[in-house]
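Note on naming: letters A, B, ... go to the chains in the order of the sequence lines (proteins, then strands), and numbering restarts at 1 for each one.
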Amino acid sequence: MSTYDKEHLQLRPTNRPPRPVNKKMRLKESGGLAAGLMLTPSLIFLCICSIYPFIWIFRYIGYNYNGFVARPVGFANFTRMFSDTTFWNSVVTTFEYAFWKLIIIIPLALIMAVLLNQKLRGSSFFRGAFFMPTVIATSISGMIFTFIFATQNGILNNILQTVGLMGTPINWLMDQGFAMEAVMILSVWAGFGNYMLYFVTGMTSISEDVYESSRIDGANAVQTFFKITLPMLSPVLKVVLMLAITGAFKDYEAIMVLTNGGPGSRTNVMFLYIFKLIFGTADNARMQIGYGALLSLMAAVIVGAVTIIYNLVAKRLDDVV
Amino acid sequence: MKKSFSLLLALVMVLTAFGAVPALADKTVVNYWSNDRHDEVYMSAMIEKFNAAHDDIEIKMTIMTDDFENSILLAYQGGTAPDLVGQSIDVKNFADIGAVVDLRPYIEKDEEYQKVNEPFTHAFEGLNAIGSAIYWVPSGMRSGVRIEYNKALLAASGFDGIPDNLTDYIAMAQKITADGNGATYGIGFTSSSPFERQLEMMAQVSGVFYYDYVNGKFDFSGYKPFLEAGRQLVAVAYPDQQGVDNMRAQFAAGAFALWGNASQEAGVFTNQFPITDFEWGVSPVPSLDGEIKGALQTNPNKGYIMLSSSKNKDAAWEVIKYFQSEEFLKGYLEGGYTMPISSYMDGIIDKTKLGRMADFSLLDYESVYPTVPSINLTGDNYRTVLWNAIMGHVDIDAAIEDLNTRYNQCYDDDIMYGSVQRLVIKDYDPLHPSAGTAEYLNN
């Protein structure tokens, strides 16, 4: 024992009760004060930009409010909501859209991430190229794809006809049989680069030693992917899936530019309908902030419920695996 | 040197802060917000002229084309609203919260203004006037919808003009498409409110309107033959329905022969997408059977609204008087920025300067419809539903029944909750829709 330790042992009272720790001091010692101070600006902005607007809009759910005058209507908006077939159809459309988007975008992003993680020549270029759509404004992407999907002289139809995959041009945006596919192509193109980057980042955190061991043990590429990469990527995969689910349920901007919910109501997702209600349309239908707020709340409940179900399923799978 | 400059700068700042700069301090600034971009050059030049000639008032114009009404509302509620705004807002909403000033007292004192603008003749219930109050006076108007057509494509199929009835109009579109062999088409539609741009206006001149003014309810039943006609037209139309500008560009490129839109197309096809490869004509829209049984809707425009928050109301009125003076309006109308609405201005402008705008001159059956009550509608609006019926996405009878039920149910609910009043015009005349006496009922 060093001299220093001896001295301190002698000085330390052994039979006295522990000194009451001052709360302020504990906070200071644990770094809580600094953390609190650093969190304050974010909390203020969260309150101003997120919580306050939510409460502000929530108080109008029992009103007819056009931005000028709010008139109380009791539970009439609730009655309207339950009999609003356009809204419930849009909910069904949203589920369909989200299902197909997730089925396509997640495996695609994962496959591309695995391929681009092979440190092959040009992989940095493709990583940048695939991520590029994420930084393009949604409205611009929508406009670009309007031209791509044009029936007459549209690039996509021209390519498909040139390679002999079809005879007559497809009316992508006006045919109810193809509009959802067109919207899906745009949303996958715009979003998969982002998820791909998450996966690539997740893969870089997997130790090279693990891969080396698997190679020594004679594992092939497929076995390595399913036995090493996928299990070790599962924390990232879970987060990405949750982000993708909530994102897919909230998509509407690109759809608004590309099809505006049509043809008919084929691509009319719930947040597009809510947007039109809250901000009004030019055709003698006024801004409906109160009713729109109620539908927003219902939409939030739906998205929240889906996310909770996903988390429960993910947890169960964790326990099983 | 640097120190002297800093001192000078500080002095200027102090003087400015205390209002010691004479040129600014003595002038009353009238702020004007407009959402018109097309007339910016003329407006700016005339404002500059006014500011140079006046020591007491200075006009400051701000143009904002996006979210105009909402921006004004937010500024009004936040205490930063301008003195004057352009007329492109729903006056009734602003009147409900007392945000707009009744101009009648100012107008009644000014005979020159009355002579040039004929404000009492152009007071339209619900649009620029509510009861006896007049909130803005139009300087001009946008014409109702016309058919713009490609003369070369018509001639190639043996036509020299637009027929006056829908049956022949459909036959014309079908023949031009057939003759075009997939390269050119008879007619084109946009994805942006396509029903409004042709078929709804053909219904109007045939005496069909979606609001039954006499009984005070919505009625879409009369649209059935127009929806059936629409299906025939869509079947031979240019295959894509894109945004308005995209379709204008296609028309200008000669991709299809028939296009429907109002007088703004005069500027579009001479400046924005100038047509040089063929001659284009302008014609009234055909009616169902060739007979005109209803007025074609026209839109009064270029008015100025004074906000009640203005601290310089008298100065603001002086600015309105200037914007609607004979000198100002002559240049504005001859520049083709809008079409004359007052008979006085119509009589004194040099129409040879109007260019293609002259083709859109007012028809004797064009008029302003009383503003239909704006309701809290559940589901899609009538233009969307009717176009869906034309495209075959819903059955025509089912679409009409759905609209009749839904619109009237929402209307009744809104009346019950006090959001709106029932508009009834017992002496309504479809050929003179603004001539009747409006009544607002609470049941």
Side-chain angles (χ1 to χ4, degrees), chain A residues 63-74 76-77 79-81 83-87 89-90 143 146-147 149-154 157 168-176 257-266 268 273 276-277 279-288 290-292, chain B residues 67 69-70 73-74 76-77 90 92-97 99 182-183 185 191-193 195-196 210-211 218 234 238-243 246 250 255 371-385 387-389 391-394 402 406-407 409-410 413-414 416-420:
Chain A
Y63 285 83
N64 270 350
Y65 180 46
N66 63 352
F68 292 85
V69 181
R71 290 189 170 83
V73 293
N77 283 341
T79 318
R80 274 178 76 191
M81 181 179 73
S83 61
D84 186 350
T85 49
T86 310
F87 174 66
N89 286 338
S90 76
M143 283 299 291
T146 305
F147 293 111
F149 286 126
T151 318
Q152 196 89 339
N153 303 322
N157 275 343
T168 50
I170 293 173
N171 202 332
W172 291 96
L173 303 179
M174 286 164 54
D175 189 326
Q176 287 195 311
V257 179
L258 198 63
T259 62
N260 197 25
S265 297
R266 185 69 188 91
N268 193 25
Y273 179 56
K276 287 178 180 174
L277 277 174
F279 292 96
T281 61
D283 303 330
N284 285 312
R286 56 170 62 186
M287 279 163 67
Q288 299 186 53
Y291 184 53
Chain B
D67 212 8
E69 185 167 304
N70 208 18
L73 176 63
L74 288 174
Y76 179 79
Q77 288 169 339
D90 188 334
K92 190 169 181 321
N93 284 340
F94 282 85
D96 280 348
I97 57 169
Y185 294 83
S191 60
S192 173
S193 200
F195 184 68
E196 181 188 6
Y210 65 94
Y211 188 77
F218 290 90
V234 161
Y238 182 82
D240 288 312
Q241 292 169 14
Q242 297 180 348
N246 291 5
Q250 295 292 351
T371 304
V372 175
S374 168
I375 59 169
N376 289 294
L377 181 68
T378 305
D380 289 327
N381 65 55
Y382 76 95
R383 283 177 175 146
T384 303
V385 174
W387 192 252
N388 284 342
M391 295 299 293
H393 303 316
V394 285
D402 162 51
R406 208 153 38 86
Y407 265 74
Q409 180 65 55
C410 294
D413 287 348
D414 279 355
M416 187 172 74
Y417 290 116
S419 298
V420 77

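Remark: B:T384 OG1 to A:K276 NZ distance equals 6.0 Å, nearest 0.5 Å. We find the CG-CG distance between B:L377 and A:L277 to be 8.5 Å, quoted to the nearest 0.5 Å. In this structure, CE on A:M287 lies 7.5 Å from CG on B:L73, to the nearest 0.5 angstrom. To the nearest 0.5 angstrom, B:I375 atom CD1 is 13.5 Å from A:N66 atom CG.
Chain A forms the most heavy-atom pairs under 4.5 Å with one residue out of B:M416, B:Q241, B:M391, and that residue is B:Q241. The most heavy-atom pairs under 4.5 Å with chain B, out of A:D84, A:V73, A:N89, A:N171, come from A:V73. Looking only at heavy-atom pairs under 4.5 Å with chain A, the residue among B:Q409, B:Q77, B:Q242 that has the most is B:Q242. When B:W387, B:Y76, B:F94 are compared by the number of non-hydrogen pairs under 4.5 Å with chain A, B:F94 comes out ahead.
Side chains of B:S191 and A:N260 form no contact here, defined as non-hydrogen atoms less than 4.5 Å apart. A 4.5 Å side-chain heavy-atom check between A:V69 and B:I97 finds at least one atom pair inside the cut-off. Between A:L173 and B:D240 the shortest side-chain heavy-atom distance does not fall below 4.5 Å. No side-chain heavy atom of A:F68 sits less than 4.5 Å from a side-chain heavy atom of B:K92. Proximity of B:D67 to A:F279: side-chain heavy atoms (C-beta onward) are nowhere separated by under 4.5 Å.
At a 4.5 Å heavy-atom cutoff, the contact between B:Y238 and chain A is made by side-chain atoms alone. Heavy-atom distances place no part of B:D413 under 4.5 Å from chain A, backbone and side chain included. Of the two parts of A:F87, neither the backbone nor the side chain holds a non-hydrogen atom closer than 4.5 Å to a non-hydrogen atom of chain B. Interface residue A:P72: only backbone heavy atoms are found under 4.5 Å from chain B. Neither the backbone nor the side chain of B:Y211 comes within less than 4.5 Å of any heavy atom in chain A.
Among all heavy-atom pairs drawn from B:H393 and A:P263, the shortest one is NE2-CB, 3.3 Å. In terms of heavy-atom proximity, B:G379 sits nearest to A:T86 at CA-OG1, 3.3 Å. Shown here for B:P239 and A:Q152, the closest heavy-atom pair between the two residues is CG-OE1, 3.5 Å.
Without hydrogens or angle criteria, A:Y273 side chain to B:D380 main chain gives no donor-acceptor distance under 3.5 Å.
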